[in-house]
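Given the structure is predicted, the values throughout are model-derived calculations rather than measurements.
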Amino acid sequence: MHFTSEQRLDDGVLARAFTLGETPGTLWTPDSAAPAPLILMAHNGGLHRREPRLVARARYTAAQGYAVAAIDHPGHGDRPRSAADEQARADLRRAMRAGEPVDEIFESLVGPLVEKAVPEWRTTLDALLALPGIGGPVGYAGMTAIGIRLAVAEPRIAAAGFFAGGYVPRAQREEARQITIPLLFLLQWDDEGNPRQRALDLFDAFGSKEKTLHANPGGHVGTPWFEVEDGDRFFGRHLK
């Protein structure tokens, strides 16, 4: 892991950009001498790890005493996009505007992303836990499809917060039954891009004995800020 820049923010959080092989990322750490629990924060939809909503969540969470890491997934942020990915995204947007079925397009776009991103997250986790000032346990917050596979594959993940989840590849819908860690599942009731009933069915499928569903009115990007605060309390119960 090679750190390429660092900035001390006005809330005392240290933000450091890094590269790990071909994977760029950002690590936010609190102003504390004690080893900090780690939260992996994942995004979706071609977004950048420097997307303002993600950065705001990461800074707030780090200020509460966590180390927070985000990486650009393959085809996201600073990483090159393949022609096939660009075409799949264009097809997905067109089909959603037209009200056409999107399942197969979604499978062709998100299924391969999960297969590529999860090994990168596991390699990143190895490197992060080797750094001074970062300890376990480890949490995950973000994209549901990647989170499901990571929680199944990675025993170091102790708790997870998933966002949306209406459209999840078939493989991850099956894997959801294998998840037993505590979960916080956020659902926007009027999410134009994630069918409500599918999200509810997915929540029902999770094998965790402790799982909580928070549903709020509004569209995909309308998640209330208080859910970030509630998420901190959730992770505090399981990571601190």
Side-chain angles (χ1 to χ4, degrees), residues 28 36-45 47 49 51-70 73 96 106 110 114 117 121 137-152 154 156-169 172-240:
W28 295 265
L38 174 63
I39 295 179
L40 309 179
M41 196 166 283
H43 55 73
N44 185 26
L47 295 177
R49 70 185 188 282
E51 195 274 331
R53 288 178 297 141
L54 185 146
V55 172
R57 293 198 306 270
R59 287 185 59 173
Y60 174 85
T61 303
Q64 308 311 306
Y66 300 91
V68 182
H73 299 144
M96 290 181 70
F106 192 84
V110 179
V114 171
W121 268 119
V138 181
Y140 171 92
M143 178 182 176
T144 300
I146 287 176
I148 290 173
R149 172 62 61 83
L150 189 59
V152 169
E154 182 50 72
R156 291 174 289 186
I157 302 293
F162 294 155
F163 298 98
Y167 281 119
V168 169
Q172 279 66 68
R173 293 202 295 269
E174 290 299 319
E175 288 173 335
R177 305 180 189 283
Q178 302 175 41
I179 292 181
T180 58
I181 60 173
L183 292 179
L184 176 62
F185 192 70
L186 301 185
L187 170 63
Q188 285 302 102
W189 202 248
D190 309 299
D191 191 334
E192 62 280 5
N194 282 278
R196 181 190 307 164
Q197 190 58 52
R198 288 196 184 190
L200 295 173
D201 291 344
L202 180 63
F203 178 77
D204 190 50
F206 289 126
S208 303
K209 291 183 179 179
E210 182 180 338
K211 55 183 179 179
T212 301
L213 171 67
H214 286 187
N216 290 283
H220 186 68
V221 298
T223 303
W225 179 257
F226 63 72
E227 291 292 2
V228 178
E229 299 168 345
D230 284 349
D232 175 62
R233 287 188 284 271
F234 166 79
F235 283 117
R237 291 196 299 273
H238 302 291
L239 303 186
K240 288 186 175 180

For [X], check side-chain contact (heavy atoms from CB on, under 4.5 Å) against everything at least two apart and list the hits.
| X | value |
| --- | --- |
| Phe235 | Ile39, Tyr66, Ala141, Ala159, Leu239 |
| Arg196 | Leu187, Trp189, Asp190, Leu200 |
| Ala63 | Val13 |
| Pro169 | Phe106, Glu107, Val110, Ala145, Gln172 |

Quick one: pull up [atom1] in [X] and [atom2] in [Y] and give me the separation to the nearest 0.5 Å.
| X | Y | atom1 | atom2 | answer |
| --- | --- | --- | --- | --- |
| Leu38 | Leu40 | CG | CG | 5.0 Å |
| Arg177 | Leu202 | CZ | CG | 9.5 Å |
| Phe203 | Thr212 | CZ | OG1 | 6.5 Å |
| Ile146 | Ile148 | CD1 | CD1 | 11.0 Å |

Please report the shortest heavy-atom distance between [X] and [Y], naming the atom on each side.
| X | Y | answer |
| --- | --- | --- |
| Tyr167 | Pro195 | CE1-CD, 3.3 Å |
| Ala58 | Met41 | N-SD, 3.8 Å |
| Ala36 | Gly65 | CB-O, 3.5 Å |

Qualifying salt bridge (charged side-chain N to carboxylate O under 4.0 Å, His left out) pairs, either residue in [range], two or more places apart:
| range | answer |
| --- | --- |
| residues 216-230 | Asp230-Arg233 |
| residues 142-152 | Glu115-Arg149, Arg149-Glu175 |
| residues 201-225 | none |

*With Phe234, which residues qualify under ring-ring contact (aromatic ring centres under 6.0 Å, His included), at least two apart?*
His238
*Given side chains that start at C-beta, do those of Asp232 and Tyr60 come closer than 4.5 Å, heavy atoms only?*
yes
*Hey, is the main chain of Ser208 close enough, under 3.5 Å, to the side chain of Thr180 for a donor-acceptor pair?*
no
*Please test Asn194 against Gln188 for side chain to side chain contact (heavy atoms under 4.5 Å, CB included), starting from the C-alpha separation and ending with a verdict.*
CA-CA 9 Å; Asn194 282 278; Gln188 285 302 102; over 6 Å; no
*Using the ring of each side chain (for Trp, its six-membered ring), is Phe206 parallel, tilted or perpendicular to Phe162, with breaks at 30° and 60°?*
tilted
*Tell me, please, which residues at least two apart from Arg156 pass side chain to side chain donor-acceptor pair (under 3.5 Å).*
Asp126, Glu154
*Report the C-alpha distance between Phe185 and Thr144 in whole Å, list the side-chain angles of each, state the deciding distance to 0.1 Å, and finish with yes or no for side chain to side chain contact (heavy atoms under 4.5 Å, CB included).*
CA-CA 9 Å; Phe185 192 70; Thr144 300; 4.2 Å; yes
*Under the salt bridge (charged side-chain N to carboxylate O under 4.0 Å, His left out) rule, collect the residues that match up with Arg173, sequence neighbours excluded.*
none
Side-chain donor-acceptor pairs of residues 217-226 under 3.5 Å, sequence neighbours excluded:
| unit_1 | atom_1 | unit_2 | atom_2 | d |
| --- | --- | --- | --- | --- |
| His220 | ND1 | Asp191 | OD1 | 3.4 |
| His220 | ND1 | Asp191 | OD2 | 2.7 |

